[in-house]
Each structure stands twice: as C-alpha cells, then as structure tokens.
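Owing to the predicted nature of the structure, the values given are computational and were not obtained by experimental measurement. A, B, ... follow the sequence lines: proteins, then strands. Residue 1 opens every chain.
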Protein chains: 2
Amino acid sequence: MSAAPSEARPAPLTAVFAALGDDTRWQILVRLGAEPASASALSTEFPISRQALAKQLEVLRGAGLVEAERHGRELRYRAIGAALGEAARRLERVASGWDERLAAIKAAAEAAAPAEAGAERHRE
Amino acid sequence: MSAAPSEARPAPLTAVFAALGDDTRWQILVRLGAEPASASALSTEFPISRQALAKQLEVLRGAGLVEAERHGRELRYRAIGAALGEAARRLERVASGWDERLAAIKAAAEAAAPAEAGAERHRE
DNA sequence: TCGTCGTGCAATTATGTGGTTGCAGATCGA
DNA sequence: TCGATCTGCAACCACATAATTGCACGACGA
C-alpha cells in the first residue's frame, strides 16, 4: 500500500504546526533549507546528540516537511519548501474569512446597542 | 496602522506554531473564528472543563491569535485573522527560497557525478 | 580483511503540558 | 440584599516528549 514515490499523505494541519512549533526543529528545518545534511553532519553543528537529531528529523519527516535520500551509507535530509508553502496557503485560507465575518458580527452587536458600544447592557 | 491598542508584539514564529499545533487549541480557534465566545460559553460546546479552556485561550492570547474583550462580567474572546495571515506570510517567505536553492545544489551534485545520478560513488 | 564511520534500536530520565478539582472573588438579575 | 454565574488562582495528576547513553549492525576505505 505504500506505493507512493515520496510523500503523498497530506499530514494533518495541526501535526505540521506541532512539528514547526519546536524551536530545535525549526532551526533544523532552516538549516536543511540552506543545504541538505545528514543527522551526523548536523550533530556537529547543533548542541544536541546525533540520536536526538535523528528523532527530530523523523518528526519533521512524519509531518512531510523534509525528505531523506540515501547516499551510500549516509541519509541526507532536505527540506521540502512546497510543504511549507502548502501549510501557509491553508493557513491563510482559514484566516481569510474571519475578519470579515467577525467585523459583521461586531457591527451587528453595536447596532443592537448604539448607545452603549463597549459596555452594552443585556436587558434588551 | 502602527497604533495597535492591544498586541503589538510579533510573538516568535515558533510560539505561534506551537499554539496552532494542538488539536484542541485549533478547534477552539476555528470556533472563535466563526463567532466570539467566552470561556464559559465554550465549555458547554467542548468536552473539557472551563478552566482547561481558559488555559488554552491564554496560550492563544499569548501567541497573539485571539484577543479578549470585556462585556460586563464576561470575557469574550475573538480570533484575530490578521495574526494567522501574518504567520502564513512569514511561512511562505521562508519556504520560497528553498526549492530554488536546493534544486541548484542537487543539480550541482548530479553534474559532479553524471554517470551515477542517485547512487554516486565516492571514489574519485 | 579489518578498522572506522554512520545509522538504527532500546531503555532511561527529566521536563513540559493538557487536563482535572477546589475555592475565592466579582458582577449581574431579581 | 441574596442567589446565581462567570472569572481567576492554585494544587495536583497523567501523559507526552525532548534529550541522554549504550550497543549492535551495515557500509565504506585502506
């Protein structure tokens, strides 16, 4: 069933953000965005152990933010910019409707109590 | 445009994503995006306690994703769509450079080993 | 072949965090 | 004033997780 060439799973939005929400992981991701690297190579640049790096890389991979490629005996990770862009697009899409809708609601609320904008009474 | 009355701090990107990375918080945020509500009101719609809601709302507020407004004795929270849009924009900005740069690096690597694209040998 | 380097798996630890209950204080309606 | 709510603070618990160390396995170079 896993005939997908790379990562075809959309990975739930919250999972992606959870992956992005860790400082260490974010730094790793940015680093990989500059240039692919293996866990061992990263361990020389980061203050944490190689195994810790490997775990975080696995999390990022699970979120679809990086992909791994074998080069001989080393696993080289690279950031997937498209995944980040996709998350950004989804985020913006969710956000787009809010301000408009909420402004309408706010206006309606103020129209219902024009003399008490900001501290309307519930008497009606 | 610069005289934001409440939250003028940009809130670190990772903090915003950490806030978005929790399933419960995401649902709360979406709910508030549909219509403002107080913690008590939300507690009737969510399967968790009011205090748990209050904590999550505080996290969202710390991330600049929601803002609270007093209406009498109740605190009404509303989602800030602009904050989400800002996060999305920052995300896309970071992502934009990657694919391009990484494609160039990949091309260079393949040019260095044209006969072994995908499994180059390290001899010579 | 042998030594080295990089990876993978497992067990352990410490801290963070999402959730709960309980109680005190403030505010609204009657 | 009195009762009903809604908020705010604090202690507490359970679980997730970020990081560690240790060891075994496989691939590369000499």
*Between protein and nucleotides 15-23 of chain C, map the contacts as a letter string: B base, S sugar-phosphate only, - none, heavy atoms under 4.0 Å, written 5' to 3'.*
---SBBBB-
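The CG atom of A:Leu42 sits 17 Å away from the P atom of D:dA18 (whole-angstrom rounding). Atoms CG (B:Leu75) and C1' (C:dA26) sit 12 Å apart, rounded to a whole Å. Atom P of nucleotide C:dC28 and atom NE2 of B:His71 are separated by 13 Å, given to the nearest angstrom. Between the C1' atom of D:dC9 and the CG atom of B:Leu57 lies a distance of 16 Å, rounded to the nearest Å. For the pair B:Asp23 CG and D:dC15 C1', the interatomic distance rounds to 16 Å; values are reported in whole Å. Note: CD (B:Glu58) to P (D:dA10) measures 13 Å, nearest angstrom.
Between the side chain of B:Arg73 and the base of D:dT5 there is at least one donor-acceptor pair of N/O atoms closer than 3.5 Å.
Using a 4.0 Å cut-off between a side-chain N of Lys or Arg and a carboxylate O of Asp or Glu, A:Glu69 and A:Arg78 do not qualify as a salt bridge. A salt bridge is defined here as a Lys NZ or Arg NE, NH1 or NH2 lying under 4.0 Å from an Asp or Glu carboxylate O, and A:Arg89 with A:Glu92 fails to meet this definition.
The two residues A:Leu91 and B:Ala87 come nearest to each other via the heavy atoms CD2-CB, 4.1 Å. Taking each heavy atom of B:Trp98 and A:Ile80 in turn, the nearest pair found is CE3-C, 4.5 Å.
The shortest distance between side-chain heavy atoms of B:Leu32 and B:Leu57 falls below 4.5 Å.
Taking the six-membered ring for Trp and thresholds of 30 and 60 degrees, A:Trp26 and B:Phe17 have ring planes inclined between 30 and 60 degrees apart.
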